[in-house]
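I have placed the structure first, in the form of structure tokens, so that the comments after it can refer back to it.
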There are 2 protein chains.
Amino acid sequence: MPRKHRVADPREQVLASALRLFTRRGYFNTSVHDIARHAGVSIGSIYHHFRDKEDIARSLYAGLLAQMVERIEAIQARHRTTRARCYALMEALFEITEEEPEAMEFMLYAKHREFLPSATPVCSSKPFAMMREMVREGMERGEVRSMDPMIASTCLFGGAMRLIMARLDRVLREPLPSQLEAVWVCSWRAVAA
Amino acid sequence: MPRKHRVADPREQVLASALRLFTRRGYFNTSVHDIARHAGVSIGSIYHHFRDKEDIARSLYAGLLAQMVERIEAIQARHRTTRARCYALMEALFEITEEEPEAMEFMLYAKHREFLPSATPVCSSKPFAMMREMVREGMERGEVRSMDPMIASTCLFGGAMRLIMARLDRVLREPLPSQLEAVWVCSWRAVAA
DNA sequence: GTCTATATCATGATAGAC
DNA sequence: GTCTATCATGATATAGAC
């Protein structure tokens with residue numbers, strides 16, 4: 001849905017269009033001209049707001065990660081036990097996937113190293129680090145069996161993450177929230193003390 | 001390691017070079033000239049053996065999936081119980097990741113939809129279907145709790161798959177086989193009857 | 001079957017008027 | 001800050017000799 005003439009906030013409009021086009025066709029199948037057309041701005045305007053094409057992707061990625069960090073912090077503020085926090089996080093991940101699949105896909109599934117050489121892989125981004133820390137705390141409290149925190153968080157959230165990927169790939173038909181209980185039971189069993 | 005002059009089987013040599021370059025730099029950051037140079041053959045030779053660049057990726061992908069299917073069949077032939085089969089499969093996946101990380105990465109991590117519009121997503125490929133079927137059989141035998149087979153197989157292998165991804169991203173330091181027991185205990189707990 | 005040389009084209013990025 | 005017009009590069013793919 002390309003905007004026709006003037007655009008309120010060109011920068012945001014460009015980021016929104018880039019997110020859509022990058023996830024639909026991929027980064028390399030999307031030209032800066034495509035983004036300009038879709039966003040309803042000119043090439044010149046884009047290059048005024050962003051250094052280059054890579055900078056668009058970088059800004060997008062940073063913004064989405066920051067949003068994610070905020071959500072995790074909100075969850076940590078609302079719940080105290082590790083079990084409740086992890087459940088709420090899994091629920092949130094499923095909801096975000098349904099409501100903003102493109103955001104989720106860009107964060108998770110895009111191979112950022114291909115077009116963001118400087119960016120660290122997703123697994124080592126702050127949100128993932130927070131998930132690992134959450135699980136590590138659970139071990140201290142005796143809620144989670146004692147083991148390597150990396151293994152524990154991967155096993156706890158791995159099923160959910162793979163299911164999210166399957167959903168993004170349209171391999172899974174049912175909306176994720178309807179599967180939450182089943183997945184949670186399996187996931188928590190995997191690591192519960 | 002580009003070969004200097006004549007090459008035994010140019011087709012195989014091209015596929016091997018493509019696998020290396022695609023995984024190191026990404027599909028779109030690799031030109032056909034790069035592949036030619038690395039494989040020690042000419043552009044003309046490449047276009048004699050392959051229809052176009054996409055055809056190289058397609059052949060590579062199909063070959064790797066076929067190999068994977070063979071390995072799974074071998075495991076099914078060697079083991080009878082679902083538990084033993086799944087364990088052997090996880091072990092094999094970990095070993096393959098260490099021994100042929102590029103093959104694993106190309107199959108799993110590359111976003112094939114970007115450059116293989118016709119290919120189905122990895123999750124719906126034959127090896128993944130075989131994994132789901134393996135788990136479904138386990139339910140009939142009473143080894144695995146009764147639930148949606150898609151959920152069960154995702155929860156059973158999700159942790160291992162995510163760990164493989166973390167290893168390919170060099171986020172995980174330790175070789176995967178050394179983590180096998182810990183991951184297996186968690187994974188089997190998740191779905192065991 | 002393999003090679004070199006080349007056609008064709010799209011893309012990222014810039015210049016410079018308004 | 002936004003726009004149009006344009007440049008320069010490097011890619012895919014082909015032609016045609018050997």
Side-chain angles (χ1 to χ4, degrees), chain A residues 2-61 110-119, chain B residues 2-61 110-119:
Chain A
R3 293 284 129 57
K4 273 298 152 56
H5 285 307
R6 274 296 150 88
V7 155
D9 184 343
R11 200 168 189 280
E12 283 310 308
Q13 192 51 240
V14 166
L15 289 175
S17 294
L19 175 59
R20 167 142 305 171
L21 294 173
F22 287 169
T23 49
R24 304 252 173 195
R25 314 181 191 168
Y27 178 82
F28 291 100
N29 293 322
T30 302
S31 74
V32 181
H33 286 261
D34 292 334
I35 299 174
R37 190 168 28 248
H38 189 279
V41 302
S42 68
I43 294 270
S45 182
I46 290 191
Y47 278 97
H48 175 78
H49 289 285
F50 300 92
R51 256 165 46 92
D52 52 17
K53 187 183 175 185
E54 205 175 297
D55 191 37
I56 300 176
R58 193 173 14 249
S59 305
L60 201 49
Y61 187 51
K111 244 180 93 66
H112 297 104
R113 276 174 305 164
E114 276 197 26
F115 56 90
L116 293 181
S118 56
Chain B
R3 293 282 129 56
K4 271 300 150 55
H5 285 306
R6 270 299 149 86
V7 155
D9 183 344
R11 201 168 187 282
E12 284 309 310
Q13 193 49 240
V14 166
L15 289 175
S17 295
L19 175 59
R20 166 141 306 173
L21 295 173
F22 288 169
T23 49
R24 304 251 175 198
R25 314 180 189 170
Y27 177 82
F28 291 101
N29 293 320
T30 302
S31 74
V32 180
H33 284 264
D34 292 334
I35 300 173
R37 189 168 29 248
H38 188 279
V41 302
S42 68
I43 294 270
S45 181
I46 290 191
Y47 279 96
H48 175 79
H49 289 286
F50 301 92
R51 254 166 47 93
D52 51 18
K53 187 183 174 186
E54 204 176 298
D55 190 38
I56 300 176
R58 193 175 12 252
S59 304
L60 200 47
Y61 187 51
K111 244 182 94 65
H112 296 102
R113 277 174 304 162
E114 275 196 28
F115 55 89
L116 292 181
S118 56

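All chains are named by letter (A, B, ...) in the order of the sequence lines, taking the proteins before the strands, and each is independently numbered beginning at 1. Keep in mind the model is a prediction, meaning the values are calculated, not measured.
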message: The side chain of A:Ser45 is closest to which nucleotide in this list: D:dC3, D:dA13, C:dG12?
response: D:dC3
- request: Among the candidates D:dT4, C:dT2, D:dT12, find the nucleotide nearest to the side-chain atoms of A:Ser42.
  value: D:dT4
- prompt: If you draw the axis of the six-membered ring of A:Phe115, does the NZ or CZ of A:Lys53 fall within 45° of it and under 6.0 Å from the ring centre?
  reply: no
message: Would you say that B:His48 contacts B:Pro10 through its side chain, given a criterion of any heavy-atom pair below 4.5 Å between the two side chains?
response: no
Roughly, in whole Å, what's the span from [atom1] in [X] to [atom2] in [N]?
X       : N      : atom1 : atom2 : result
A:Ile46 : D:dT4  : CD1   : C1'   : 14 Å
A:Arg37 : C:dA10 : CZ    : P     : 12 Å
B:Phe28 : C:dA10 : CZ    : P     : 16 Å
B:Tyr47 : C:dT6  : OH    : P     : 18 Å
A:Asp9  : D:dT2  : CG    : P     : 9 Å

message: Mind checking if A:Ser31 touches a base, just sugar-phosphate, or nothing, with heavy atoms under 4.0 Å?
response: sugar-phosphate
task: Have a look at A:His33 and say if it touches a base, only the backbone sugar-phosphate, or nothing, with a 4.0 Å heavy-atom cut-off.
output: base
- prompt: Between B:His48 and C:dT2, does any side-chain N or O lie under 4.0 Å from OP1 or OP2?
  reply: no
- prompt: Roughly how far, to the nearest 0.5 Å, is OH of B:Tyr47 from CG of B:Asp52?
  reply: 7.0 Å
query: Mapping A:Ile43 and A:Asp34 to their closest nucleotides on DNA chain C, which lands nearer the 5' end?
result: A:Asp34
